J.: 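One structure, pasted below without further comment.
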Number of protein chains: 2
Amino acid sequence: MEKKNTIISISERTGFSVSTVSRVLSGKAEAARISKATVETIQQEAKRCNYKPSLLAKGLRTNKTNTIGLVIPSMENIYFANLASTIIRDARAYGYTTVTVDTMEDESNERNGIDSLLARNVDGIIVTPCGQDPAWLENINRNTTPVVLIDRYFNSTELPYVCTDNYQGGYEATRYLLNNGHENILCIQGTPYSMPVRERVRGYLNALRGKGLEERARIVGDSFSIQNGYLETKLVLNSVSRPTAIFALSNTILLGAIKAIRESGLSIPNDISIITFDNNTFLDFIDPPVTRMSQPVNEIGTLSVKLLMQSIDEKRPIDTKLQLQPQLIVCESVANVLLEAERVG
Amino acid sequence: MEKKNTIISISERTGFSVSTVSRVLSGKAEAARISKATVETIQQEAKRCNYKPSLLAKGLRTNKTNTIGLVIPSMENIYFANLASTIIRDARAYGYTTVTVDTMEDESNERNGIDSLLARNVDGIIVTPCGQDPAWLENINRNTTPVVLIDRYFNSTELPYVCTDNYQGGYEATRYLLNNGHENILCIQGTPYSMPVRERVRGYLNALRGKGLEERARIVGDSFSIQNGYLETKLVLNSVSRPTAIFALSNTILLGAIKAIRESGLSIPNDISIITFDNNTFLDFIDPPVTRMSQPVNEIGTLSVKLLMQSIDEKRPIDTKLQLQPQLIVCESVANVLLEAERVG
DNA sequence: GTGGTTTACGCAAACGTTTGTGCAAGTATA
DNA sequence: TATACTTGCACAAACGTTTGCGTAAACCAC
C-alpha cells in the first residue's frame with residue numbers, strides 16, 4: 001500500500017503521459033494548454049495518493065533546490081543562535097529550507113562545510129566567515145552560487161554583506177565610558193583581525209584619541225569565548241593599574257569578565273564598570289543589567305536573506321553592502337566616576 | 001575554465017568509462033578489480049579538476065543523502081539552540097549534514113516542515129513534536145524514515161525518544177521548595193498536555209501530596225514563552241494569597257516571571273522564591289543566580305544522534321527510550337522560610 | 001591448441017523529474 | 001475544399017550518479 005508515488009506511477013494510473021502529469025503538478029498546465037478535465041483527473045489522483053515530488057530529482061533536473069546554506073562559527077553563542085533563528089524563519093517564508101553548518105571557528109571546517117553545501121546544490125549561502133581570505137568565496141559568488149556575508153566581512157571585497165556599523169559602535173560605547181569619566185578603559189577583543197573586531201577597536205581608539213588619551217589604550221584578548229573574557233579580566237584585575245571600565249566586545253567575553261570580577265569580590269559598577277557589544281534578553285536580568293551596544297540582529301538576518309533572494313532571483317552577483325547602526329542601551333553597569341569624585345572629594 | 005566536473009567529463013578526459021570512474025571515485029576500485037594504474041590516472045584527474053560528486057544525483061540513485069532533519073519549536077529559545085548546537089556538531093562528526101526546521105510551536109508548520117524533509121530524502125529525523133498525535137510520525141518511522149523524539153514524547157508510543165526524567169525533575173524541584181518551608185507554590189507551565197509539562201506537573205503534585213498539601217496546588221500558564229511567565233506572575237502577585245515560591249517550567253517562563261516580580265518591587269528571594277527548569281550559562285549571572293533543575297542538554301543531543309544513526313545503519317526502527325536524570329543546581333533564588341520564621345518569631 | 005580462470009574494464013538501465021519538439025485531430029479562414 | 005491555426009497531449013533526452021551483468025584479452029594447465 002505504501003507504493004512509491006512518483007510522477008510515473010501517476011501517469012500509469014491516469015493514463016496520461018509523464019510529461020503531462022509533470023506539467024500539471026508543477027503548475028504549468030495553463031502554459032501547456034492541458035484541458036481542464038485532464039488537470040482535474042491528475043490532481044485528484046495526486047491528492048489521493050498523497051504525491052510529494054522528489055526534491056532530489058527536481059533539483060538534479062532544474063538545478064534549483066530551494067535550499068540555502070547558513071554557515072556560522074558557533075550555534076552555542078546566543079548571538080549566532082538568534083541570527084540563525086531569524087534567517088531560518090525568513091528563508092522559510094520565501095519557500096527555502098536552510099542547511100546549517102557550524103564551523104566552530106575553524107577554517108577547514110568552513111571549507112568542508114561550504115564544499116558540502118555546494119555539492120548539495122544550495123541556491124545560495126549566508127556566511128560568517130572565519131578565515132581572512134575572500135578570494136575563495138568571491139570566486140564561488142561569481143561563478144557558482146550567490147554568497148552573502150553577515151556579521152564579518154572582508155577588507156575590500158566585492159562580496160555583498162550586511163553587518164553592524166562596528167566602528168560607530170566601538171566609538172560610541174567608548175565615548176559613553178569617557179563621558180562618564182573613565183580614562184582607564186580595557187578593551188577585550190575577540191578573534192583578532194576579524195573585521196568587526198578591527199572596526200570596534202578602531203572606534204575605541206578614535207574615541208580615546210578624541211580626548212587625547214590614545215596612549216591609555218589597552219587592548220587584550222584573542223577569541224569570542226567566555227574563557228577569553230575570564231582570563232584577560234583575571235589578569236588585569238591583579239595588575240598595578242586596574243582599569244575603571246571594561247569594554248567587552250561580545251556577550252561571551254562579557255560573561256567571562258563578570259565571572260572574574262565577581263570572583264575578585266569587586267562590585268559592578270561601584271568598583272569597576274563594564275559595557276558590552278551584542279544584545280539579548282538575558283542581559284537585562286544580569287546583576288546589574290548590562291549597558292550595551294545592541295546589534296540589530298533581526299534586521300541583519302532579515303536583510304541578508306532578502307539580499308540573497310535578490311541575488312538568486314536575478315541570477316547574478318549583487319554588490320549591496322549594508323552597515324546597520326547599533327544602538328546604545330543604557331543600564332546600570334557603568335558608573336559615573338565624575339559624580340563619584342565630586343561626592344568623595 | 002569553470003567547466004562542469006562530472007564523472008562523465010572525467011571519463012571523457014581519461015578515456016575510461018563512466019562506470020570505471022564512478023567505481024574508482026566512490027572507493028570501490030578494489031572490489032571491482034580496477035588496476036592500480038587506472039586508479040592513479042582517474043584520481044589524479046579528479047584532484048586536478050577539483051571534482052565534487054553531485055549529492056543530488058548520488059542521493060537520487062542510492063536513496064541515501066547523508067542528511068538528517070532537525071525539527072524544533074523555536075531556535076530563539078536558548079534551550080533548543082543549545083540542543084541544536086550539539087546535534088548539528090555530532091551529526092557532522094558522523095558525516096551527516098543537518099537541515100533545520102523551526103516550527104514556531106505550530107502543528108501545520110511541523111507537518112509541512114517534515115513533509116519537506118521527506119521530499120528531500122533525509123536519512124532520519126530528530127524532532128521535538130508540538131502536536132499530540134504520534135500516529136503520523138510512527139507511520140513515518142515504520143515505513144519511510146527513522147524518527148527519534150527529543151525533549152517531548154508521547155504517552156504510549158513506539159517511537160524512540162531521549163529526554164529528561166521530567167517527573168523526577170518536577171518532584172525534586174518541588175521537594176526542594178517544600179524542604180525550604182514553602183507551602184504556597186505556584187507552578188507556571190508551558191504548552192499544556194505536552195509530555196514534559198505533564199510529567200513535571202505530576203512530579204510537582206506528588207511532592208505536594210507527600211506533605212499533604214495537594215489542595216494547595218496552583219498550576220497556571222499555557223506556553224513556553226516569556227510573555228506567559230510575565231502575565232501569570234503579574235496576575236498572581238496581585239492575588240490575595242501571594243505564593244511564597246514560583247516554580248517556572250522553563251527558562252523563558254522564568255525570565256517573564258522575574259520581570260513581573262521586579263516590576264512589582266518585590267525582591268528575590270526575600271519576598272518570593274523562584275526555581276526553574278532548564279539550564280544555561282546566563283542563569284548564573286542573573287540577579288540572584290537562579291536555582292534550577294538542569295536538563296542534560298548535551299547528553300540528550302548526543303544520544304539522540306547516536307540512536308538515529310543506529311536506526312539508519314540497521315535500516316529498521318528501534319525502540320530505545322531514554323530518560324536522563326536532571327540535576328538540581330542550588331543557587332540563591334530560593335529562601336528558607338523556616339529559618340526566616342525562626343528569626344522573625 | 002583447447003578449455004577454463006582471472007583480470008580489467010565497458011554497456012546500459014535506473015533513480016524521478018523537466019522541457020523542447022513533434023504531431024494528430026479539431027476549428028477557423030480563405 | 002484546401003490551408004492554416006489551435007488544442008491537447010506524447011516522445012525522448014537530459015540532469016549526474018550507481019550497479020548488475022557482460023565480455024575481450026591475458027594467463028594458466030594440460
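In what follows, chains carry the letters A, B, and so on, assigned in the order in which the sequence lines appear, proteins first and then strands, with residues in each chain numbered from 1. Just so you know, these numbers come straight off a predicted model, no measurement behind them. Only this structure's heavy atoms are used, side chains among them; waters, hydrogens and symmetry mates stay out.
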J.: Please list every donor-acceptor pair under 3.5 Å in which a side-chain atom of residues 130-138 of chain A meets a protein atom from a residue at least two apart or in another chain.
T.:
unit_1  : atom_1 : unit_2  : atom_2 : d
D133(A) : OD1    : A135(A) : N      : 3.1
E138(A) : OE2    : T157(A) : OG1    : 2.7
E138(A) : OE2    : E158(A) : N      : 3.2

J.: Would you mind reading off the distance between N5(B) atom CG and dC15(D) atom C1', rounded to a whole angstrom?
T.: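 These atoms are roughly 16 Å apart.
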
J.: Checking all strands, does S19(B) fall into the base, sugar-phosphate, or nothing category for heavy-atom contacts under 4.0 angstrom?
T.: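 Since a base atom lies under 4.0 Å of S19(B), the category is base.
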
J.: In this structure, how many angstroms lie between the P atom of dT19(D) and the NZ atom of K64(B), rounded?
T.: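 Distance check: K64(B) NZ to dT19(D) P gives 13 Å.
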
J.: Regarding T6(B), tell me which of base, sugar-phosphate or nothing describes its non-hydrogen contacts under 4.0 Å with the strands shown.
T.: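 Sugar-phosphate only.
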
J.: Could you tell me the separation between the CG atom of N63(B) and the P atom of dT17(D), rounded to a whole number of Å?
T.: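 Atom CG in N63(B) sits about 17 Å away from atom P in dT17(D).
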
J.: For residues 34-85 of chain B, which residue pairs qualify under ring pair (Phe, Tyr, Trp, His ring centres under 6.0 Å), counting only residues two or more places apart or in two chains?
T.: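 For residues 34-85 of chain B: none.
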
J.: Go through the structure and list residues passing salt bridge (charged side-chain N to carboxylate O under 4.0 Å, His left out) with E30(B), not counting sequence neighbours.
T.: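 E30(B) satisfies salt bridge (charged side-chain N to carboxylate O under 4.0 Å, His left out) with no residue once adjacent residues are dropped.
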
J.: Ignoring hydrogens and angles, state whether a donor on the side chain of N121(A) or T65(A) is under 3.5 Å from an acceptor on the partner side chain.
T.: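 On atom types as modelled, these side chains do not qualify, holding no pair under 3.5 Å.
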
J.: Tell me, which pairs form a salt bridge (charged side-chain N to carboxylate O under 4.0 Å, His left out) where one or both residues lie in residues 91-104 of chain A, sequence neighbours left out?
T.: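 Output for this query lists D102(A)-R89(B).
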
J.: Walk along nucleotides 3-9 of chain D from 5' to 3' and tag each nucleotide B, S or - by protein heavy-atom contact under 4.0 Å, base first, then sugar-phosphate.
T.: ----BBB

J.: Can you name the ring pair (Phe, Tyr, Trp, His ring centres under 6.0 Å) partners of Y153(B), sequence neighbours left out?
T.: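 Y153(B): ring pair (Phe, Tyr, Trp, His ring centres under 6.0 Å) contacts with Y161(B).
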
J.: Closest to the L60(A) side chain: dG16(D), dT17(C), dT17(D)?
T.: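 Given the options dG16(D), dT17(C), dT17(D), the side chain of L60(A) is closest to dG16(D).
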
J.: Take the protein atom CD1 of I8(A) and the nucleotide atom P of dA14(C), then report the distance between them rounded to whole Å.
T.: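 Between P of dA14(C) and CD1 of I8(A): 10 Å.
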
J.: Under 4.0 Å, counting only non-hydrogen atoms across every strand here, what does T62(B) touch: a base, just sugar-phosphate, or nothing?
T.: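 Sugar-phosphate: the residue T62(B), judged by heavy atoms under 4.0 Å, touches backbone atoms but no base.
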
J.: Is a donor on one side and an acceptor on the other found under 3.5 Å between the side chain of S116(A) and the backbone of N112(A)?
T.: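 Judged by distance alone, no pair lies under 3.5 Å.
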
J.: For a quick check of understanding: with a heavy-atom distance under 4.0 Å over all strands, which category does S54(B) fall into, base, sugar-phosphate or nothing?
T.: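 Sugar-phosphate, no base atom in range.
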
J.: Tell me: CG of N121(B) to P of dG16(C), nearest whole Å?
T.: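 One finds 9 Å between P of dG16(C) and CG of N121(B), rounded.
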
J.: If you assign each of S26(A) and V21(B) to its closest nucleotide in DNA chain C, which residue comes earlier from the 5' end?
T.: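 Its nearest nucleotide lies further toward 5', so the answer is V21(B).
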
J.: For the pair made of CD1 in I7(A) and C1' in dT19(C), what is the distance, rounded to whole Å?
T.: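 That distance rounds to 12 Å.
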
J.: In whole angstrom, give the distance that lies between atom CD of E30(B) and atom C1' of dA8(C).
T.: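 Taking atom C1' of dA8(C) as the reference, CD of E30(B) is at 13 Å.
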
J.: Take L56(B) and K28(B), find for each the nucleotide of DNA chain D with the closest heavy atom, and name the residue whose nucleotide sits nearer the 5' end.
T.: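 Residue closer to the 5' terminus by nearest nucleotide: L56(B).
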
